[in-house]
Amino acid sequence: MDGMSIVMATLAIGAVGLLVGLLLVWVGGKFEVEVDEKEAAVRGLLPGNNCGGCGFAGCDALAAAIAKGEAPAGACPVGGASVAAAISEVMGVEAGETEHMVAFVKCAGTCEKAKVKSKYYGIQDCRSAAIVPGKSAKKCTFGCLGYGTCVKECPFDAIHLIDGVAVVDKAKCKACGKCVAVCPNKLIELVPFKAQYFVQCSSADKGKYTKEACDAGCIGCSKCVRTCEQGAVTVENFVAKIDYSKCINCGKCAENCPSGIIRRRLARRTEE
């Protein structure tokens, strides 16, 4: 190949490269996606856990929804009040009050308290055990199955099995709701962080049968209902329930509970 051929080939390759470059610039401009500055700012403030506790697919989806006005500034349960305030400032809206919530397991049926009726040899997963006739080894079919599905689901290491029952570490819990969603017996609920008294039972059996299955069960006697001056305690399906919008943490329900299943949670890292 002579020198002129080399020069021509080089020029041809250069021309093709230039055309490709220009084409890429044109295509990039044609299909450029506009970046919503507010959305980007909101996304930068979100914690990035992608836990789904807000009800959206992840932090990107939540940021887009907040920027469009389809979700409130305080929609992220992990970020809490500080993140809500910062996002509100970006969006130019008032932050409003965001109550700090925490997960709570409505069961005190520990290995010592809960009666055993059988031996379970299946997959160590609460959802698998829940579909087996009779449900696991415990006689109470309403309580904690104790196979740790919620433990594995929690992205914050805030829930652990202690003596056969799931227990929430109040200090670590971000109220993302993943444990609530995954529990087949619907034992876990989100309650106000400031709440001090809780009903640690979910049995829908009458008192006699509840006590036959567990020493830590509610007998549905309604003494707590008569004791509460705020009307915050009711008995539904043979088990006491507390309305935290009315409860003032006076503790009278706990003092007068003959079964001792309305208990105070102390201000420490792990529940009492």
Side-chain angles (χ1 to χ4, degrees), residues 77 97-110 112-115 138-146 150 158-159 162-171 173-177 179-272:
E97 293 186 9
T98 303
E99 186 165 25
H100 187 179
M101 305 293 282
V102 67
F104 174 72
V105 182
K106 299 177 290 182
C107 179
T110 61
E112 179 185 354
K113 301 290 185 181
K115 309 293 176 60
K138 293 180 181 179
K139 193 170 183 180
C140 177
T141 59
F142 300 97
C144 181
L145 298 172
C150 55
I159 187 164
I162 298 178
D163 199 13
V165 176
V167 178
V168 177
D169 185 329
K170 187 176 178 181
C173 179
K174 303 298 182 182
C176 70
C179 59
V180 177
V182 81
C183 177
N185 277 358
K186 306 302 178 187
L187 286 177
I188 309 175
E189 65 178 357
L190 297 180
V191 300
F193 187 88
K194 64 183 179 182
Q196 296 180 27
Y197 292 92
F198 306 88
V199 180
Q200 289 192 287
C201 181
S202 295
S203 176
D205 280 335
K206 291 184 178 180
K208 174 187 175 182
Y209 303 108
T210 296
K211 280 300 184 184
E212 287 178 357
C214 182
D215 292 334
C218 176
I219 59 175
C221 66
S222 295
K223 192 171 183 180
C224 52
V225 178
R226 295 189 293 272
T227 300
C228 181
E229 298 173 358
Q230 309 302 318
V233 188
T234 57
V235 170
E236 301 174 23
N237 294 324
F238 309 109
V239 65
K241 296 183 182 298
I242 298 176
D243 182 344
Y244 292 104
S245 66
K246 298 178 180 178
C247 180
I248 60 172
N249 291 319
C250 68
K252 290 183 179 179
C253 57
E255 292 171 7
N256 291 278
C257 176
S259 298
I261 55 91
I262 302 181
R263 303 177 182 181
R264 182 177 183 181
R265 181 164 60 188
L266 301 177
R268 63 184 187 186
R269 290 182 63 80
T270 305
E271 291 175 7
E272 185 179 34

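Since the model is a prediction, treat every value here as computed from it, not as a measurement.
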Exercise: identify the closest heavy-atom pair between [X] and [Y]:
{"X": "V102", "Y": "P192", "answer": "CG1-O, 4.3 Å"}
{"X": "C144", "Y": "C107", "answer": "N-SG, 3.4 Å"}
{"X": "K194", "Y": "N249", "answer": "O-ND2, 3.4 Å"}
{"X": "P77", "Y": "C176", "answer": "CG-CA, 4.1 Å"}
{"X": "T210", "Y": "S203", "answer": "OG1-OG, 2.9 Å"}
{"X": "V165", "Y": "K138", "answer": "CG2-NZ, 4.2 Å"}

Return the [atom1] to [atom2] distance between [X] and [Y], rounded to the nearest 0.5 Å.
{"X": "E99", "Y": "Y244", "atom1": "CD", "atom2": "OH", "value": "11.5 Å"}
{"X": "E255", "Y": "C224", "atom1": "CD", "atom2": "SG", "value": "13.0 Å"}
{"X": "C214", "Y": "E112", "atom1": "SG", "atom2": "CD", "value": "10.5 Å"}
{"X": "F142", "Y": "C201", "atom1": "CZ", "atom2": "SG", "value": "9.5 Å"}
{"X": "K113", "Y": "I261", "atom1": "NZ", "atom2": "CD1", "value": "12.0 Å"}
{"X": "C247", "Y": "Y197", "atom1": "SG", "atom2": "OH", "value": "8.5 Å"}

Inset, instruction - For residues T227 and C253, determine if any side-chain heavy atom of one lies less than 4.5 Å from a side-chain heavy atom of the other. - result: no
Legend entry - Steps toward side-chain contact (heavy atoms from CB on, under 4.5 Å) verdict (I159, I188): CA-CA 11 Å; I159 187 164; I188 309 175; 4.2 Å; yes
Inset, instruction - Go through the structure and list residues passing side-chain hydrogen bond (donor to acceptor under 3.5 Å, both in side chains) with S202, not counting sequence neighbours. - result: none
Legend entry - Counterpart residues, side-chain hydrogen bond (donor to acceptor under 3.5 Å, both in side chains), relative to D163 (two or more places apart): none
Legend entry - side-chain contact (heavy atoms from CB on, under 4.5 Å) partners of K186, counting only residues at least two apart: none
Inset, instruction - Check whether any side-chain N or O of N185 sits under 3.5 Å from a backbone N or O of G143 as a donor-acceptor pair, and report yes or no. - result: yes
Inset, instruction - Please name all residues satisfying salt bridge (charged side-chain N to carboxylate O under 4.0 Å, His left out) with K206, sequence neighbours left out, ordered by chain then number. - result: none
Inset, instruction - Evaluate whether atom NZ of K115 has more than 12 neighbouring non-hydrogen atoms of other residues, nucleotides or ligands under 6.0 angstrom away. - result: yes
Give every donor-acceptor pair under 3.5 Å between a side-chain atom in residues 229-241 and any protein atom, sequence neighbours left out.
residue: E229; atom: OE2; partner: K252; partner atom: NZ; Å: 3.0
residue: T234; atom: OG1; partner: E236; partner atom: OE2; Å: 3.3

Inset, instruction - With sequence neighbours excluded, tell me which residues meet ring-ring contact (aromatic ring centres under 6.0 Å, His included) with F193. - result: H100
